[in-house]
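Okay, so here's the structure we're looking at.
All of these numbers come straight from a predicted model, not from anything done at the bench. Note that ligands are numbered from 1 as they come in the structure, with each ligand's atoms numbered from 1 the same way.
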Amino acid sequence: MSSLSFDLISIFPDYFAPLKLSLIGKAQESGLIDITLHDLRDKAAGVHKSVDDTPYGGGAGMVMSPEPWGRAIDQVVAGSSAAHHDLIILTPAGEKLTQKIATELSHSEHIIFACGRYEGIDHRVSEYYQTLPNIRVREISIGDYVLGGGEVATLVIMEAVIRLIPGVLGNPNSLVEESHSLPDEIVEYPNYTKPASWRGLEVPEVLLSGNHALIKAWRLEQAKARTQKLGRQTSE
Ligand code: 6GU
């Protein structure tokens, strides 16, 4: 009955403890999503259970070996009833996460997150799974900065994706408003709630007017001004 299954592979599965909280925790309890954690170390061979090695061609740091990743991903795919799988490889060199990507992923059946550490995963893992017809490989980054590993990035992507799944948000109108009131590239207008006066600061008069057309125009203008201040491009 789950609409979307997630398998998370990492050498630090404890990073994913927050997934039992809040929206994502409730979505799991209600069966809207299914999350399974996998410890990559269990797929490592030898007494040392090593998952990395020195880079071919030299250089600093370590690279994650392809064999444990191959074993872990094969097992996840074999254990899944899904016909199609999205394999997400977390890397600062990937395409940058956008709302568009989150929306695409929310329509997926099964998402596998491969959380690399160190200098990343041997590139052949990405290449190999791209050759399989039932797997779509995506290398994704969450922004232009370097993290110690893909675990936190996975949490970010999951939060962006899961809230888009029908039934996950308490108020589905939040999503409807998000997608219809403003063009995608524009940031949100400022929000206010009670009290109308706080520490000498007043809520903008127009929001108390009850004039919905005027409010809508004001919000669009505020959103555009904010977007420009950030130096981002708008369509107009
Ligand atoms: Cl997905 N991984 C790492 N290690 N650093 C990042 C990232 C991912 N996205 C932004 N920085």
Is there a heavy atom of I140 sitting under 4.0 angstrom from any atom of ligand 1?
->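 Judged by the 4.0 Å heavy-atom criterion, I140 does count as contacting ligand 1.
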
Where is the nearest protein heavy atom to [atom]: which residue, which atom, and how far?
atom: atom 9 (N) of ligand 1; value: I142 N, 3.0 Å
atom: atom 11 (N) of ligand 1; value: Y145 O, 2.6 Å
atom: atom 2 (N) of ligand 1; value: P92 CD, 3.6 Å
atom: atom 10 (C) of ligand 1; value: G143 O, 3.1 Å

Is it true that D52 and R117 have a side-chain N and a carboxylate O under 4.0 angstrom from each other?
->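 So D52 does not pair with R117 through a salt bridge.
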
Pairing of R163 and E159 as salt bridge, 4.0 angstrom limit |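 Answer for the salt bridge query: no.
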
For the atom pair CD (E151) and CG (L8), what is the distance rounded to the nearest 0.5 Å?
->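 Between atom CD of E151 and atom CG of L8 there are 9.0 Å.
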
Got a second to check how far I88's CD1 is from R136's CZ, nearest 0.5 Å?
->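 It is 9.5 Å, given to the nearest 0.5 Å.
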
Shortest non-hydrogen separation from L97 to A102 and the atoms involved =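 Here L97 and A102 meet closest at CD1-N, 4.5 Å.
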
Minimum heavy-atom distance G116-M64, with the two atoms named =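 Nearest heavy atoms, G116 then M64: CA-SD, 3.7 Å.
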
Would you mind running through ligand 1 and noting each atom that sits below 4.0 Å from a heavy atom of A153?
->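 Ligand 1 atoms under the 4.0 Å threshold to A153: 1 (Cl).
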
Where ligand 1 meets L90 - atom numbers and elements under 4.0 angstrom, heavy-atom basis |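 So the atoms of ligand 1 that pass are 1 (Cl).
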
Ignoring hydrogens and angles, tell me if any N or O in the side chain of R232 forms a donor-acceptor pair with the backbone of E185 under 3.5 Å.
->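 A pair under 3.5 Å: no.
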
Based purely on interatomic distance, does L147 place a nitrogen or oxygen under 3.5 Å from a nitrogen or oxygen of ligand 1?
->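 Yes, L147 has an N/O under 3.5 Å of an N/O on ligand 1.
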
Using distance alone, decide if ligand 1 has a nitrogen or oxygen within less than 3.5 Å of any nitrogen or oxygen in V146.
->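 Such a contact does not occur with ligand 1.
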
